[in-house]
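Below is one structure, written out as structure tokens; the observations come after it.
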Amino acid sequence: MTMTDLAQKVLSISTAYLGPAAKMFLARQTKYHLQGLEYEQLQKEHLSELSKWLFISGSLVIEKDKAQELSQLVAKLV
Amino acid sequence: MKKIFHSLKTKLTLSFVLLILLISGMAFLYTFNETKKALKEQMRTELMSVASAIAVSIDGDVHAKIKPGDEGTPAFKIIGQALLKVQEANDHITYIYTMRKTEEGAVFVVDPDDEEPAKIGELYEETNDEMLAGFEKPSADNEYVTDQWGTFLSGYAPIRDSLGNSVGLVGVDMSSKDVIAKQRFIGNTIYLIIGIAVLFAGIIILLFSGTIIKDVNRLNRIANKISMGDMEVKMDVRRHDEIGDLADSFGRMVASLKIMMMEHKETEGKQEQEK
């Protein structure tokens, strides 16, 4: 499945914080918190919710301040 | 003990301190050597100036007439008193005297020393080129000269008669102890300055390397925990340099491992449910 430009951008930002498993993490977030959305189909209207979950779930795998940073960067793409 | 010796902090601090010691040691040697040379040159100039000032005040015609056995004559006494006055006015001067050149060599003429005066016509056996040059123009020893009276740096200036002919010289001796004491004082001052600088540099290096090593050690502890399967590590290294980059890389690695482990657990759970 082809990835939208926005999904590509979010992945690029997230990889800097989460490493090579970033895509796996993002796919998990969209699957469980954005009504089963395929990550590749990510659109602008999903960003606000995704940003929120990037902070909540991100805090479990990276430091809280880093998760906050990542969340804010993704939110700015709106 | 072995760990302290092999630690990065010890190596960093030691190498910086050694480097500083090496540089400051070289700077010290150069500065001290140049200062010693300059000080000696200053002493030589001073000795020549004093000798010249006295030489022009002595009547060369009178001086030329002084012969052995004239120690009690007014001419001898006048010149002797003039020499003593200059000696008393200058603490650094140990001996002051006049000489004349004979076929045998340089002989003393007026030596006003209280304790052990040379007699008129007494041959001076340690004549050197600088002293002989002093019969023609102001001159000073290049190196310390040791004779029966001690070790001295001496300055000379010619005494001239009314026709301008050289009829003798004035010799001014400064004890090597005075010059060496001055050199030692300068050397000790430079030592002190370098010592304080090395101490401060050592403290700064110790503090600087301490902050680096502290974070490297923290990363090391985190890596150790991860290698033992503990993923609940706190990546609390915040720096904006290469160590900060390393910590970020570490953070990414840990995050990826956590995500993959979570995914693996989930897959395992699903598989068990299906069974």
Side-chain angles (χ1 to χ4, degrees), chain A residues 1 3 6-42 46-47 49-77, chain B residues 8-9 208-275:
Chain A
M1 193 178 283
M3 205 181 278
L6 186 67
Q8 194 68 57
K9 273 183 192 169
V10 173
L11 176 62
S12 169
I13 293 168
S14 304
T15 306
Y17 289 84
L18 304 167
K23 194 183 171 194
M24 205 182 277
F25 182 79
L26 290 167
R28 249 178 106 86
Q29 304 312 309
T30 53
K31 184 179 166 189
Y32 291 111
H33 306 298
L34 296 171
Q35 293 86 41
L37 174 79
E38 291 284 345
Y39 175 70
E40 285 81 359
Q41 298 305 309
L42 188 75
H46 304 126
L47 281 181
E49 192 65 7
L50 178 64
S51 156
K52 186 181 99 185
W53 284 102
L54 277 179
F55 173 64
I56 298 168
S57 306
S59 299
L60 300 173
V61 290
I62 54 176
E63 294 300 311
K64 223 170 190 171
D65 56 336
K66 291 270 177 189
Q68 176 92 43
E69 235 177 78
L70 172 61
S71 163
Q72 281 170 353
L73 283 174
V74 171
K76 273 184 194 167
L77 293 173
Chain B
L8 206 57
K9 187 176 180 177
F208 175 70
S209 62
T211 60
I212 295 174
I213 304 307
K214 190 179 78 184
D215 287 334
V216 171
N217 282 339
R218 198 177 288 169
L219 278 176
N220 194 21
R221 277 196 298 275
I222 292 169
N224 270 332
K225 281 185 180 174
I226 296 166
S227 71
M228 298 308 286
D230 180 3
M231 288 294 149
E232 297 312 311
V233 286
K234 201 168 162 60
M235 197 60 66
D236 53 356
V237 177
R238 297 277 181 272
R239 295 179 72 101
H240 298 286
D241 55 14
E242 288 83 349
I243 294 170
D245 291 345
L246 181 66
D248 285 346
S249 302
F250 245 87
R252 275 195 296 275
M253 185 186 79
V254 173
S256 275
L257 278 172
K258 279 183 180 174
I259 295 165
M260 283 191 254
M261 280 166 79
M262 279 158 69
E263 198 71 23
H264 181 68
K265 268 186 191 170
E266 199 181 285
T267 315
E268 264 186 350
K270 274 184 186 167
Q271 280 172 351
E272 274 183 25
Q273 274 178 1
E274 281 168 12
K275 280 177 192 173

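Numbers restart at 1 for each chain; the letters A, B, ... are given by sequence-line order, proteins then strands. Remember, it's a predicted structure, so these values are computed and weren't measured experimentally. Just the heavy atoms: all of them, side chains too, but no hydrogens, waters or symmetry mates, feed the values below.
With a 4.5 Å cut-off on non-hydrogen atoms, A:Ser57 does not touch chain B at all. The contact between A:Tyr17 and chain B is made entirely by backbone atoms, counting heavy-atom distances below 4.5 Å. When heavy atoms are compared at a cutoff of 4.5 Å, B:Met262 approaches chain A by way of both its backbone and its side chain.
Of all heavy-atom pairs between A:Ala21 and B:Met260, the closest is CB-CG, 4.1 Å. The shortest heavy-atom contact between A:Lys66 and B:Asp248 is NZ-OD1, 3.2 Å. Between B:Val233 and A:Glu63, the closest heavy-atom pair is O-OE2, 4.1 Å.
The number of heavy-atom neighbours closer than 6.0 Å to CD of A:Glu38, taken from other residues, nucleotides and ligands shown, is 12 or below. Other residues, nucleotides and ligands place more than 12 heavy atoms under 6.0 Å from the OH atom of A:Tyr32. No more than 12 heavy atoms of other residues, nucleotides or ligands shown are found within 6.0 angstrom of CD on B:Glu242.
Put simply, CE on A:Met24 and NE2 on B:His264 are 11.5 Å apart, with the number rounded to the nearest 0.5 Å. Between B:Lys258 atom NZ and A:Leu18 atom CG the span is 11.0 Å, to the nearest 0.5 Å.
Between chain A and the options B:Ala255, B:Ser256, B:Gly251, the largest number of non-hydrogen pairs under 4.5 Å is found for B:Ser256. Interface check for chain A: of the options B:Met253, B:Glu232, B:Arg238, the most heavy-atom pairs under 4.5 Å are formed by B:Arg238.
Distance alone, capped at 3.5 Å, places no donor-acceptor pair between the B:Arg252 side chain and the A:Pro20 backbone.
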